[in-house]
Structure formats: C-alpha cells, structure tokens
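Residue numbers start at 1 and run along the sequence shown. Computed over heavy atoms, backbone and side chain alike; hydrogens, waters and symmetry mates excluded.
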Amino acid sequence: MNRRLGLLVLLSLSVVVIAVPTAAADSQAGTISLEQELVLTPEPGEIEVVLRFGIPDAVTELSTRVPERATVTETAGFEGANGKYEWTGTTGSPTLSYVVSANRPYDGGGGLMFVDAGEWALIERPKTAVRWRWIGGERVALDRTTRTDSGVAGERSAFLGDHAIDARAAGGETITLVIPAALSPAESPDAVHAALEDATDLRVGGRNDRMFVVVAPSDERWALRGLQFGSSDAWVREDSRLDDPDNVWVHEYVHSRQKFETDEEVRWFREGSAAYYAALLTYERGDVGFETFHDRLARGERSPHADDVLADPATWTRGPNYHKGALVAADLDRRIRLATDGERDLQDVFRAMNEHEDRVTQAAFLEFVEEAGGPEVREVARTYTETRDGPAMWNERTHHEAFDLTAPRVEYRLADDPAAYRVSGPYRERPLDEFVLVPGERLETTAAAENVGDAPGEYAATVAVDERRPVGNDRTALGGATVERIAEGRLDPGERDEIAVTHAFEEPGTYVLSVDGASVEVRVVEPAEPTVTALESDPTVVAPGETVTLVATVENDAAVPGRADLELVGDGIRENEHVRLDAGETATVEFTTRLESPGEHELRVGGRSTTVRVEPAVASSLPGFGVPVAIAAFVLLVFSAAPRRSRVRR
C-alpha cells in the first residue's frame with residue numbers, strides 16, 4: 001500500500017523569508033538547528049513532541065507551527081496561540097513541547113495506518129513548519145534532527161519502544177529492519193533480508209540509499225498488512241510470510257522504487273506492478289509453486305475485477321488495480337520478453353516511468369510500452385487498460401517459454417581460500433593464512449561474476465562490508481553496511497568478469513565482506529604483543545663516556561601480527577623504539593647509548609636486562625705524559641657529545 005500525501009508533504013517544507021534581498025549568496029551566516037524529540041506518554045494514542053531550537057545571531061524573527069489538534073504543554077522563548085508560535089528573542093535556545101494524537105485512521109476504510117498502543121508506538125513523524133528572517137546577505141540554513149525516547153526514527157516515521165536493529169547492505173541500499181522487543185515475527189531477519197536483497201536486483205531505477213522497515217507488532221486496529229510511505233519508509237505486520245504470493249515484504253519494497261507520478265489513467269500501475277513483482281519474485285525464489293503463482297494472478301480474470309476499466313478509476317469496484325492490474329502487468333511483461341527474445345521486459349517500462357520528468361499520462365505509458373516491446377504490444381496495452389477486455393492467465397509451459405529467455409542469471413563467487421586474498425599494511429605484504437587481520441590492514445581480492453543463464457544482459461554487483469553486532473539473546477546481526485563500490489558490466493551466456501574487492505579495516509570486530517550474496521567473514525583483532533626474548537650488550541665493559549650497543553631480540557609467536565613498543569631504561573636513560581612483526585616473525589632492535597658514571601649499570605628492555613660495567617680511566621703519573629693525557633681527555637669529551645642512535649634489524 002503506497003500513500004502519496006502530497007498536501008502533507010508540502011506543509012512539511014520550511015518557508016524561508018529573506019529579510020534583506022540584496023543578492024543571492026552561497027556563504028552562510030549560520031545554521032538554525034532544530035531537534036525534534038518524540039516521547040511515549042502514559043496515555044495510549046498520544047505522544048509528546050519536544051522542539052529544541054538553536055538560533056544564530058543573524059536571525060531576527062522565527063516562528064513555527066504545531067499540528068492541528070495538538071495541545072501545547074510548555075514553551076520557553078516562544079509565545080503564541082492557535083497553532084502559531086513566535087520566537088521572543090529572549091534566548092538563543094528556545095523550546096516548545098506539545099502532545100498530539102498518534103493514531104491515524106486509514107482513508108480507504110476502517111482501522112488505523114499508525115498506532116500508539118501505550119507501551120509502543122509506530123507513528124508518522126509530526127511535521128514542523130518553520131519560518132524565519134535574518135539580516136545580512138549571507139543565507140541562514142535549517143538543520144533538522146530527530147531523537148526518540150528508546151526508539152528509532154526513519155525519514156518519515158518512527159518506532160517508539162524497546163527494539164533491535166538489523167541493518168544490511170543490498171544492491172547499493174542499506175535496508176534497516178526495526179524489530180520491536182519481545183516480538184516473534186513469522187519470518188526471521190535473515191530470511192527477510194534475503195528476500196529483499198533479491199528484490200533489489202530489479203532494474204527499474206529509483207534506488208534509495210537507505211530503506212527503513214519496521215516490523216509492526218500485532219494489533220487488531222491495523223487497517224492494512226503493510227504500508228510504504230515517503231520515499232523509503234515502510235512497515236510490515238509481524239505475521240506476514242514470505243511463502244505468500246501476496247508477499248507484503250516485497251510488495252512494499254517495490255513501492256519504494258516507484259519514483260514516478262501518474263495521472264488517473266495510469267494510477268493502476270502503482271499497485272498492479274507491486275502486486276505482480278511480489279508474486280513473480282516469490283515464485284522465482286521458490287517460496288511458492290507455479291500453481292500458487294498462477295492462482296494469484298488469475299484473480300484478475302474473475303468478477304468483479306475483470307469488468308473494471310483500469311484507465312477509468314470511476315468504474316472500479318473492489319481494488320482491480322491489485323488484481324486485474326497485476327495480471328495486465330504480468331501479461332505485458334510476458335509479451336515484451338517474447339517480442340525481444342528476452343532482451344527487454346516490463347522493467348524497462350518501469351524504469352522509463354521513473355526517469356520521466358512529468359506525470360506519466362496514458363499516452364506516455366503506451367509510448368514506453370512500444371519502446372520496450374513494439375507496436376503490437378502497445379496495442380495490447382491500450383486494449384487491456386482502456387476497455388473491459390483483459391488477458392487470461394497462462395500455463396506453466398507457456399510461462400517458461402517466455403520467462404526462461406529473461407535477463408541473465410549472474411552468479412557471484414568469492415574464494416573461500418584465504419590464500420586467494422592479499423593483505424597489505426604496516427605489518428605484512430603477502431597472501432593471507434586465515435581470515436584474521438589487525439586494524440590498519442587492507443584486504444584485496446577479486447570476485448567472479450558469471451552469466452550462467454541462456455541470455456546476455458547487464459549486471460550490477462554491490463561490493464560491501466557489514467559489521468556483525470550483538471542484538472541480544474546471544475544473537476548477532478549485520479549492523480550497517482559500508483558500500484565500497486557498485487561494479488557494473490554486461491555478460492554474454494557463459495562469460496565471466498572479475499570484480500576488484502578491497503577494504504581497509506580500521507577497528508576490531510567481525511565483518512562480512514560480500515559481493516551480492518557471495519560473502520566471507522573476516523575477524524579484525526587487536527595486534528599481538530611480541531616479547532623480548534634476549535638482550536645483549538656490546539661491549540660489556542666501557543670507559544666513562546664510551547658508547548654501548550644494546551641488541552634486543554623480539555619474537556612474535558602469535559598467529560596474528562603484533563606491535564612492540566620497546567623502551568630502554570636504566571640510570572636516567574629512556575629511549576623508545578617501535579617494531580611491527582608479522583605472525584611468527586623475529587626481529588632485532590638496536591639501542592645505542594653512552595654511559596658516563598663508573599660502576600655497574602643495569603639496562604632493561606621489555607622485561608629483559610643486562611649489565612654494563614663502566615671502569616674509570618687511569619691517569620698517567622709518568623713525567624712527560626701530561627700533555628697526551630690532556631689531549632685524550634679532550635677527545636673523550638668531544639665523543640661524549642655524539643648523539644644516541646637506535647635502529648631495527650630484521
């Protein structure tokens with residue numbers, strides 16, 4: 001179910017009034033910050049909203065409005081009435097709090113679209129209109145943020161209450177599942193993500209950077225099984241299953257890819273295409289058989305849907321867009337595939353609609369169909385949308401004749417042998433022994449993309465890294481993907497491409513490196529702590545002011561690289577040296593220092609010690625040796641000023 005609430009979206013926009021209309025300037029005189037906090041209240045059906053502003057000096061006037069039927073409970077730095085509140089200028093951090101109903105009725109019938117049950121709430125975020133004036137030629141911007149009371153907010157919605165988050169990368173998007181606490185969804189997060197990841201392969205454009213999906217707790221007041229709204233928010237009831245041809249998870253995802261606007265004649269395509277692709281992708285995943293897929297689309301043949309005219313919503317009785325619309329979309333897809341030997345399909349029409357800058361009219365829709373499948377398919381589209389005529393659902397053999405010609409089947413593979421991966425960084429430059437790294441290291445490999453189907457076509461593979469994070473009850477989930485790149489290409493049947501995969505790991509953790517479903521798990525651990533196994537001095541006896549070289553042997557017997565921060569300590573001496581060692585590597589570190597005072601000196605490095613004895617020089621008392629002794633003392637003084645040195649030798 002998709003709701004385009006144009007008027008409400010328009011009202012959510014901020015209105016900026018320029019006080020001094022000199023010339024447009026790119027620089028800023030400051031930024032107004034607006035934090036909207038959403039809080040559960042003890043009263044089911046109501047939430048509290050707290051608005052906190054930060055107003056820069058350049059702003060001279062500012063006003064805001066609260067929603068209709070909101071009850072303002074507290075203000076600081078604002079005064080007003082009838083929904084409009086003016087900033088008094090007495091503080092640069094004014095606040096305004098109000099209580100508003102969170103339950104929202106469904107326009108299409110009984111029940112609710114958003115619910116506040118008391119202990120939890122799934123709501124549409126209240127809209128805040130702001131209007132301001134400022135002085136000077138530089139503009140003042142508005143920065144909005146939303147925080148919640150033990151909840152999480154999407155672009156247009158929020159869930160308030162205890163929850164877990166499971167976010168994963170798929171097809172260039174990050175899909176975030178919000179799972180309320182103590183919920184027992186009919187499908188696991190892994191299964192839902194797998195189905196949605198397959199759906200991201202749709203080549204229709206309109207892709208979102210992120211999608212926010214809440215698993216809606218059971219409540220008898222829901223009017224719908226699921227709802228998609230805004231550009232990338234949705235909720236799906238917890239009892240929704242993936243082995244259902246009316247797959248709500250996929251249905252709402254398809255809506256999120258629909259960026260077009262249509263006139264009334266093409267309105268049917270929004271729900272018709274979502275219902276069709278939900279059934280088709282569920283069948284192609286093997287979650288339902290052909291008979292179930294057939295029966296779902298065949299509903300469009302039967303009364304009352306069959307007698308409605310899709311291009312004339314005035315004739316609609318009971319949702320023909322979901323039923324006859326789905327069957328017509330399926331039939332056009334089949335015909336386009338047959339007419340082009342699988343080179344094109346309904347996704348080309350869908351993509352053209354998304355790329356169309358104006359509202360899609362019936363004429364534009366038919367033009368897009370003709371561009372994809374030719375004039376004969378266009379005439380079929382006109383007949384099935386502008387008259388009561390409609391297609392009949394086909395059998396399994398007919399389906400395979402058309403759909404086995406479809407776009408390529410590209411499979412992706414990542415090697416499971418660590419030796420196929422190269423690691424680089426300050427510790428080592430070599431193939432891996434196991435999938436264990438330390439922070440600061442980069443992993444590089446190539447993935448294979450192979451067309452194992454019977455038709456040529458394009459692919460778009462997402463190279464991404466997800467970190468596994470705990471979600472409670474000894475479970476972990478992927479918690480937010482870093483998309484490294486989108487690799488694109490075209491493959492003939494049997495052809496193969498290599499995709500470069502590289503990522504630098506900066507923090508310890510467990511990560512999943514993936515290329516469109518093919519993945520390996522990588523652990524990043526803290527570096528090991530190598531040990532000093534021996535310490536030797538050369539020489540062991542010196543005169544005052546002579547240099548001595550300390551050689552420390554450092555071994556890393558751990559299975560991962562290590563870093564040793566060594567310090568030479570003794571009699572006021574402190575010198576430092578750092579050494580990085582690969583797993584199993586041994587190195588020597590040299591310290592060069594000078595000892596002045598006579599006696600025995602204990603020098604220590606990394607828990608090892610050695611003793612160097614300084615013996616005082618014996619002055620000569622023989623006649624005639626006074627000048628040579630003085631010269632020797634002078635030379636010794638000059639050498640005592642020489643700098644200390646240290647070096648690492650592997």
Quick one: [atom1] on [X] to [atom2] on [Y], what's the gap to the nearest 0.5 Å?
| X | Y | atom1 | atom2 | answer |
| --- | --- | --- | --- | --- |
| Met113 | Arg104 | CE | CZ | 4.5 Å |
| Leu38 | Ile123 | CG | CD1 | 5.0 Å |
| Leu196 | Asp198 | CG | CG | 9.0 Å |
| Asp219 | Arg221 | CG | CZ | 4.0 Å |
| Arg496 | Leu491 | CZ | CG | 11.0 Å |
| Arg359 | Glu264 | CZ | CD | 8.0 Å |

Tell me whether [X] contacts the main-chain N or O of [Y] through its side chain, where contact means a donor paired with an acceptor under 3.5 Å.
| X | Y | value |
| --- | --- | --- |
| Glu187 | Leu242 | yes |
| Glu343 | Asp345 | no |
| Asn247 | Val250 | yes |
| Trp120 | Val115 | no |
| Ser240 | Arg237 | yes |
| Asn208 | Ser256 | yes |
| Glu238 | Ser218 | yes |

Please report the shortest heavy-atom distance between [X] and [Y], naming the atom on each side.
| X | Y | value |
| --- | --- | --- |
| Thr64 | Val130 | OG1-CG2, 4.2 Å |
| Lys324 | Tyr384 | CE-O, 4.3 Å |
| Val152 | Thr148 | N-OG1, 3.2 Å |
| Arg334 | Ala402 | CG-CB, 3.6 Å |
| Val266 | Met353 | CG1-CE, 4.1 Å |
| Leu202 | Arg257 | O-NH2, 2.9 Å |

salt_bridge([X], [Y]) N-O dist < 4.0 Å:
| X | Y | result |
| --- | --- | --- |
| Arg203 | Glu488 | no |
| Asp233 | Arg156 | no |
| Asp243 | Arg285 | no |

(request) Before giving the answer on side-chain contact (heavy atoms from CB on, under 4.5 Å), spell out for Tyr421 and Leu414 the whole-Å C-alpha distance, their side-chain angles and the decisive distance to 0.1 Å. (result) CA-CA 10 Å; Tyr421 297 74; Leu414 273 170; 3.7 Å; yes
Distance-only polar pair, side chains of [X] and [Y], donor-acceptor under 3.5 Å:
| X | Y | result |
| --- | --- | --- |
| Glu155 | Ser232 | yes |
| Gln362 | Thr385 | yes |
| Arg125 | Thr146 | yes |
| Glu271 | His255 | yes |
| Tyr459 | Asp516 | no |

(request) Flag yes if more than 12 heavy atoms outside Arg523 fall under 6.0 Å of its CZ atom; otherwise flag no. (result)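 For Arg523, atom CZ is not crowded (no more than 12 foreign heavy atoms under 6.0 Å).
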(request) Please work out which of the three classes, parallel, tilted or perpendicular, describes the rings of His503 and Tyr511, given edges at 30° and 60°. (result)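 Judged by the thresholds at 30° and 60°, the geometry between Tyr511 and His503 is tilted.
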(request) On the 0 to 90° scale, with breaks at 30° and 60°, tag the Trp268-Phe365 ring pair as parallel, tilted or perpendicular. (result)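 Ring orientation of Trp268 relative to Phe365: perpendicular.
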Min side-chain heavy-atom separation [X]-[Y] under 4.5 Å:
| X | Y | answer |
| --- | --- | --- |
| Phe403 | Leu280 | yes |
| Tyr283 | His294 | no |
| Asp244 | Arg225 | yes |
| Pro217 | Leu183 | yes |
| Thr128 | Arg144 | yes |
| Leu40 | Asp116 | yes |
| Arg207 | Lys259 | no |
| His251 | Asp246 | no |

(message) Checking side chain to side chain contact (heavy atoms under 4.5 Å, CB included) between Ile179 and each of Val214, Ile165, Val215, Val192, which is the one that passes?
(response)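 Running side chain to side chain contact (heavy atoms under 4.5 Å, CB included) over Val214, Ile165, Val215, Val192 with Ile179 returns exactly one hit, Val215.
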(request) Start with the C-alpha distance between Glu371 and Arg351, add both sets of side-chain angles, then the distance that settles salt bridge (Lys or Arg N to Asp or Glu O under 4.0 Å), and finish with yes or no. (result) CA-CA 12 Å; Glu371 289 174 355; Arg351 184 171 59 252; over 6 Å; no
(request) Dump the intermediate steps for side-chain contact (heavy atoms from CB on, under 4.5 Å) on His323 and Arg296, then the final yes or no. (result) CA-CA 8 Å; His323 303 290; Arg296 168 59 185 91; 3.6 Å; yes
Please set out all donor-acceptor pairs under 3.5 angstrom arising from side-chain atoms of residues 45-54, sequence neighbours excluded.
| unit_1 | atom_1 | unit_2 | atom_2 | d |
| --- | --- | --- | --- | --- |
| Arg52 | NH1 | Glu35 | OE1 | 2.9 |
| Arg52 | NH1 | Glu37 | OE1 | 2.7 |
| Arg52 | NH2 | Glu37 | OE1 | 2.8 |

(request) Mind running side-chain contact (heavy atoms from CB on, under 4.5 Å) on Leu346 and Val349 for me, showing each step along the way? (result) CA-CA 5 Å; Leu346 189 67; Val349 178; 4.1 Å; yes
(request) Run the numbers on Leu513 and Phe435 for side-chain contact (heavy atoms from CB on, under 4.5 Å), then give the verdict. (result) CA-CA 11 Å; Leu513 181 66; Phe435 290 109; over 6 Å; no
(request) Under the ring-ring contact (aromatic ring centres under 6.0 Å, His included) rule, what do Phe260 and Phe368 come out as? Steps first, then yes or no, please. (result) CA-CA 13 Å; Phe260 51 77; Phe368 298 148; 10.0 Å; no
(message) Aromatic contact between Tyr253 and Tyr277, with the criterion being ring centroids under 6.0 Å apart: yes or no?
(response)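 Judged by ring-centre distance (under 6.0 Å), Tyr253 and Tyr277 do not meet the cut-off.
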